[in-house]
Visitor: 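Questions regarding the structure given below will be posed in turn.
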Number of protein chains: 2
Amino acid sequence: MIDQREYPIETVIHVLGGKWKPIILWHLMDSDKRFSDLEKLIPGVSSKMLAQHLRNLQQAGIIERTVYPTVPPKVEYSLSEYGKTLIPVAEVMCDWGEGHNERKRDEPAS
Amino acid sequence: MIDQREYPIETVIHVLGGKWKPIILWHLMDSDKRFSDLEKLIPGVSSKMLAQHLRNLQQAGIIERTVYPTVPPKVEYSLSEYGKTLIPVAEVMCDWGEGHNERKRDEPAS
DNA sequence: CTGGATCCGTCAAGATACTG
DNA sequence: CAGTATCTTGACGGATCCAG
């Protein structure tokens, strides 16, 4: 993965660019989640992709991974303090996204 | 390209998701640009990818394509009125991206 | 000048099976 | 429960050639 970004806006796309990363973030912004919780909440994601994207987000410092060494393994993912700075960004993006989706329905042809 | 997005935040990623789309938008937010202008401004992009992404953005209603039927063909791309609503979104994203890049330099290991 | 068409390499994503 | 390993597929991106 090339890391030669000249413009900061590319950084955000890089961090959120995966197919499932925005959805993962969205759910973690709501509350902490376990691995299986996320699997249930995100229909269509495979455990492989989920683990891979979670790892990416963790390496980016956006989420934290907490392992509870209990008999049934339990791992919780949560937004890091730093990751929480993404919330306002996500809200702005969501806001625009909603408008965009509505617009596509209202104006089929310009 | 799948278009089954359940969350608005995915829409934004979808619209900006290409490798060059954020940069294209960034330049068009500054001022209108011709095809060849963008090619010069974005080192490394091929005409194919530029045309492809420009078409995507146009179909998304974010940019407008104006053809001047002159002897040497001239085509100008500009942000649509609707596309301008993306500017504040881009600014927020840029702002966060800058902080993220600085953070990576300051904190090599958590 | 502004692209479209085509071929090809690369890499992310999906499916499946297996492990601690 | 929470992943990893491996294989396959398909989209994305690059290079080149061609056309209005």
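To find a chain, count down the sequence lines: A is the first, B the second, and so on, and within it residues start at 1.
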Visitor: What is the separation between atom CD on B/E76 and atom C1' on C/dT2, rounded to the nearest whole Å?
Guide: 13 Å
Visitor: What integer distance in Å separates B/Q58:CD from C/dT2:C1'?
Guide: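 Going from CD in B/Q58 over to C1' in C/dT2 covers 13 Å.
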Visitor: So if I define the base as every atom that isn't primed, P, OP1 or OP2, how would nucleotides 13-20 of chain D read as a B/S/- string at a heavy-atom cutoff under 4.0 Å?
Guide: BBB----B
Visitor: Specify whether B/W26 and A/Y7 have parallel, tilted or perpendicular ring planes, treating 30° as the upper limit for parallel and 60° as the lower limit for perpendicular.
Guide: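 If you compare the ring of B/W26 with that of A/Y7, the planes turn out tilted.
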Visitor: Could you state the atom-to-atom distance from CZ of B/F35 to P of C/dT2 in whole Å?
Guide: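 Computing the B/F35:CZ to C/dT2:P distance gives 7 Å.
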Visitor: Tell me the interatomic distance from A/N56, atom CG, to D/dT4, atom P, rounded to whole angstroms.
Guide: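 Those two atoms, CG and P, are 12 Å apart.
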Visitor: Distance check, rounded to the nearest 0.5 Å: B/H14 atom NE2 versus B/I9 atom CD1?
Guide: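 The NE2 atom of B/H14 sits 15.0 Å away from the CD1 atom of B/I9.
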Visitor: Under 4.0 Å between a side-chain N/O of B/R34 and OP1 or OP2 of C/dC1, yes or no?
Guide: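 No, because none of the side-chain N or O atoms of B/R34 sits under 4.0 Å from OP1 or OP2 of C/dC1.
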Visitor: With hydrophobic residues grouped by side-chain heavy-atom distances under 4.5 Å, do B/L28 and B/Y68 end up in a single group?
Guide: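 They do not share one cluster, since no chain of ILVMFWY contacts under 4.5 Å joins B/L28 to B/Y68.
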Visitor: Does A/R65 place a side-chain N or O at less than 4.0 Å from the phosphate oxygens OP1/OP2 of D/dG3?
Guide: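 Yes, because at least one side-chain N or O of A/R65 sits under 4.0 Å from OP1 or OP2 of D/dG3.
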Visitor: Roughly how far apart are A/I63 CD1 and A/L54 CG, rounded to 0.5 Å?
Guide: 4.5 Å
Visitor: For the helix from C/dC1-D/dG20 to C/dG20-D/dC1, what is the angle between the axes at its two ends, each from 5 pairs, rounded to 10°?
Guide: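 The end axes of the helix from C/dC1-D/dG20 to C/dG20-D/dC1 are about 50° apart, to the nearest 10°.
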Visitor: What is the separation between atom CG on B/L54 and atom C1' on C/dG4, rounded to the nearest whole Å?
Guide: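 It works out to 14 Å between those atoms.
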Visitor: Remember a base hit wins even if backbone is also touched, and classify A/Y68 as base, sugar-phosphate or nothing at under 4.0 Å, heavy atoms.
Guide: nothing
Visitor: Show your working on side-chain contact (heavy atoms from CB on, under 4.5 Å) between A/K21 and A/V15 and close with a plain yes or no.
Guide: CA-CA 8 Å; A/K21 291 205 196 98; A/V15 170; 5.8 Å; no
Visitor: So, OP1 or OP2 of D/dT4: does either fall under 4.0 Å of a side-chain N or O from A/R55?
Guide: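 Looking at the OP1 and OP2 atoms of D/dT4, one of them is under 4.0 Å from a side-chain N or O of A/R55.
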Visitor: Hey, does the side chain of A/S80 reach the backbone of A/E64 with a donor-acceptor pair shorter than 3.5 angstrom?
Guide: no
Visitor: Which value, rounded to the nearest 0.5 Å, describes the distance between A/I23 atom CD1 and A/L41 atom CG?
Guide: 10.5 Å
Visitor: Give a yes/no answer on whether the side chain of A/Y77 brings an N or O atom under 4.0 Å of OP1 or OP2 in D/dC1.
Guide: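 Negative; the distance criterion is not met.
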Visitor: Would you mind reading off the distance between B/I63 atom CD1 and C/dT2 atom C1', rounded to a whole angstrom?
Guide: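 B/I63 atom CD1 is separated from C/dT2 atom C1' by 14 Å.
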Visitor: Tell me which nucleotide among D/dC1, C/dG3, D/dG3 gets nearest to the side chain of A/V75.
Guide: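 Nearest nucleotide to the side chain: D/dG3.
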Visitor: Which pairs pass side chain to side chain donor-acceptor pair (under 3.5 Å) with one or both residues in residues 31-44 of chain B, sequence neighbours excluded?
Guide: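 Only B/S31-B/K33 qualify under side chain to side chain donor-acceptor pair (under 3.5 Å).
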Visitor: A/L50 has an atom CG; how far is it from atom P of C/dT16, in whole Å?
Guide: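 Rounded to whole Å, this separation is 18 Å.
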Visitor: Over how many whole Å does the gap from B/I13 atom CD1 to C/dA12 atom P extend?
Guide: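 That distance rounds to 16 Å.
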Visitor: Centre-to-centre under 6.0 Å for B/H27 and B/Y77, is that the case here?
Guide: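 Centroid distance B/H27-B/Y77: not below 6.0 Å, so no.
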